[in-house]
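Below: one structure, written as structure tokens.
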Amino acid sequence: MSSKESVAELIKFSKELGPITAFVNAAGVSPSQASIETILKVDLYGTAMLIEEIGKVIEPNGVGVTISSQSGHRMPALGEEKDRLLATTPVEELLSLDFLQPENISNTLHAYQLAKRCNVKRVMAEAVKWGTKKARINSISPGIIVTPLALDEFNGPRGNFYKEMFAKCPAGRPGTADEVADLAQLIMDPRSSFITGSDFLIDGGATASYFYGPLQPKA
């Protein structure tokens with residue numbers, strides 16, 4: 001994910017099989033799986049670099065989806081200037097931004113939230129570039145989805161927080177990978193041809209509960 005050479009090999013291999021018309025990125029590491037530096041390198045830089053490189057070769061009328069996270073929605077607003085920097089800074093300069101330096105990041109969850117906020121902003125900026133070839137790209141921000149990554153979080157230092165999150169969200173349960181895939185299929189379908197540069201929150205209402213319900217942080 002964080003190796004431009006590896007991504008180039010992926011693209012080369014893919015093009016040997018045929019034109020690249022559809023793209024899904026579901027790779028990443030979670031706060032309990034990696035250090036601040038690795039999260040920034042994989043989830044932030046890696047995603048930004050990958051969607052930019054795919055954007056160069058995606059076929060006309062092609063479509064892409066990258067998986068972000070509800071976590072990016074829970075972080076306080078960064079402000080217009082930082083959002084623009086996340087969206088438009090040249091990929092190879094992203095990790096040099098002052099507010100992305102490890103000493104300015106409190107913990108791995110904070111790093112993860114910054115990465116996921118960046119994912120959404122990069123998709124918005126890339127959608128403009130992809131649009132020049134009539135291609136589309138969007139992001140999906142899942143909540144607690146039952147995957148090996150989620151199991152690592154359940155067993156990590158914030159496990160109780162995540163279990164409480166799905167227990168107290170309106171849906172009252174975690175989601176499934178199939179539910180996220182169904183959403184991806186919908187927004188990649190030609191029927192969704194007017195949708196690009198958007199982010200879709202699919203979290204059973206956990207973010208709503210975090211701001212306006214029983215998951216609100218205590219003062």
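Basis for what follows: all heavy atoms, side chains included, without hydrogens, waters or symmetry-related copies.
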Got a list of side-chain donor-acceptor pairs under 3.5 Å for residues 180-190, not counting sequence neighbours?
from   : atom 1 : to     : atom 2 : distance (Å)
Asp189 : OD1    : Arg191 : N      : 2.7
Asp189 : OD1    : Arg191 : NE     : 3.0

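- Residues Leu78 and Leu86 are in side-chain contact: their nearest non-hydrogen atoms beyond the backbone lie under 4.5 Å apart.
- Ile54 and Val91 end up in the same hydrophobic cluster when Ile, Leu, Val, Met, Phe, Trp and Tyr side chains are linked at under 4.5 Å.
- Contact check for Glu92 versus Tyr45: side-chain heavy atoms found under the 4.5 Å cut-off.
- Not a single donor-acceptor pair under 3.5 Å links the side chain of Ser69 to the backbone N or O of Gly72.
- Of the inter-residue distances, the one linking Ser2 atom OG with Lys41 atom NZ reads 4.5 Å to the nearest 0.5 angstrom.
- At least one side-chain heavy atom of Ile195 sits under 4.5 Å from a side-chain heavy atom of Asn138.
- Counting non-hydrogen atoms of other residues, nucleotides and ligands closer than 6.0 Å to NZ of Lys15 gives a total of 12 or fewer.
- Distance alone, capped at 3.5 Å, is enough to place a donor-acceptor pair between the Gln216 side chain and the Gly213 backbone.
- Counting heavy atoms from C-beta outward, Ile144 and Gln70 have side chains that approach closer than 4.5 Å.
- Counting only residues at least two apart or in different chains, side-chain hydrogen bond (donor to acceptor under 3.5 Å, both in side chains) contacts with residues 51-61 comprise Glu53-Lys56.
- Put simply, Val65 and Ile58 are part of two different groups of oily side chains (I, L, V, M, F, W, Y) that touch within less than 4.5 Å, one to the next.
- Nearest heavy atoms, Leu94 versus Leu100: O-CD1, 3.5 Å.
- Legend: salt bridge (charged side-chain N to carboxylate O under 4.0 Å, His left out) pairs involving residues 162-173, not counting sequence neighbours, sorted by first then second residue: Glu164-Lys168, Arg173-Glu179.
- One distance of note links CG of Leu44 with CG of Asn119; it measures 7.0 Å at 0.5 Å rounding.
- Contact of the Phe23 side chain with the Leu50 side chain is registered, since non-hydrogen atoms from C-beta on lie closer than 4.5 Å.
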Please table the atom pairs, donor to acceptor, closer than 3.5 Å between any side-chain atom in residues 4-13 and protein atoms at least two apart or in another chain.
from  : atom 1 : to    : atom 2 : distance (Å)
Glu5  : OE1    : Ser3  : OG     : 3.4
Lys12 : NZ     : Glu16 : OE2    : 3.0

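- Of all non-hydrogen atoms in Cys169 and Ser209, the two that sit nearest each other are CA-CB, 4.4 Å.
- Put simply, Leu40 and Met49 are part of the same group of oily side chains (I, L, V, M, F, W, Y) that touch within less than 4.5 Å, one to the next.
- For the side-chain hydrogen bond (donor to acceptor under 3.5 Å, both in side chains) test, residues two or more places apart in sequence or in another chain that qualify with Glu126 are Lys129, Trp130.
- Residues Leu114 and Ile105 meet the side-chain proximity criterion, which asks for heavy atoms closer than 4.5 Å.
- Counting heavy atoms from C-beta on, the side chains of Lys82 and Phe99 come closer than 4.5 Å.
- Lys121 and Ala87 make their closest contact through O-CB, 3.5 Å (heavy atoms, listed as atom of the first residue, atom of the second, distance).
- Of the inter-residue distances, the one linking Ile140 atom CD1 with Ser198 atom OG reads 11.5 Å to the nearest 0.5 angstrom.
- Taking CG from Leu215 and OG1 from Thr207, the interatomic distance works out to 9.5 Å, rounded to the nearest 0.5 Å.
- The only member of Cys118, Pro142, Ser141 that meets side chain to side chain contact (heavy atoms under 4.5 Å, CB included) when paired with Ser68 is Ser141.
- Taking each heavy atom of His73 and Asp199 in turn, the nearest pair found is NE2-OD2, 2.7 Å.
- Minimum interatomic distance between Arg122 and Ile51 (heavy atoms only, all atoms of both residues): CB-CD1, 3.9 Å.
- Residue Met165 qualifies as enclosed at atom CE: its count of foreign heavy atoms under 6.0 Å is above 12.
- If you chain together hydrophobic residues whose side chains sit under 4.5 Å apart, Val24 and Val120 never meet in one group.
- In plain terms, the two heavy atoms of Pro31 and Thr108 that are nearest each other are O-OG1, 2.9 Å.
- Partners of Ser71 under the side-chain hydrogen bond (donor to acceptor under 3.5 Å, both in side chains) rule, at least two apart in sequence or in another chain, do not exist in this structure.
- Contact annotation: the side chain of Ile39 approaches that of Val29 to within less than 4.5 Å [non-hydrogen atoms, C-beta and beyond].
- Rounding to the nearest 0.5 angstrom, the gap separating the CD1 atom in Ile36 from the CD atom in Glu103 is 9.5 Å.
- No continuous path of hydrophobic side-chain contacts links Phe200 to Tyr210 [ILVMFWY only; heavy atoms under 4.5 Å].
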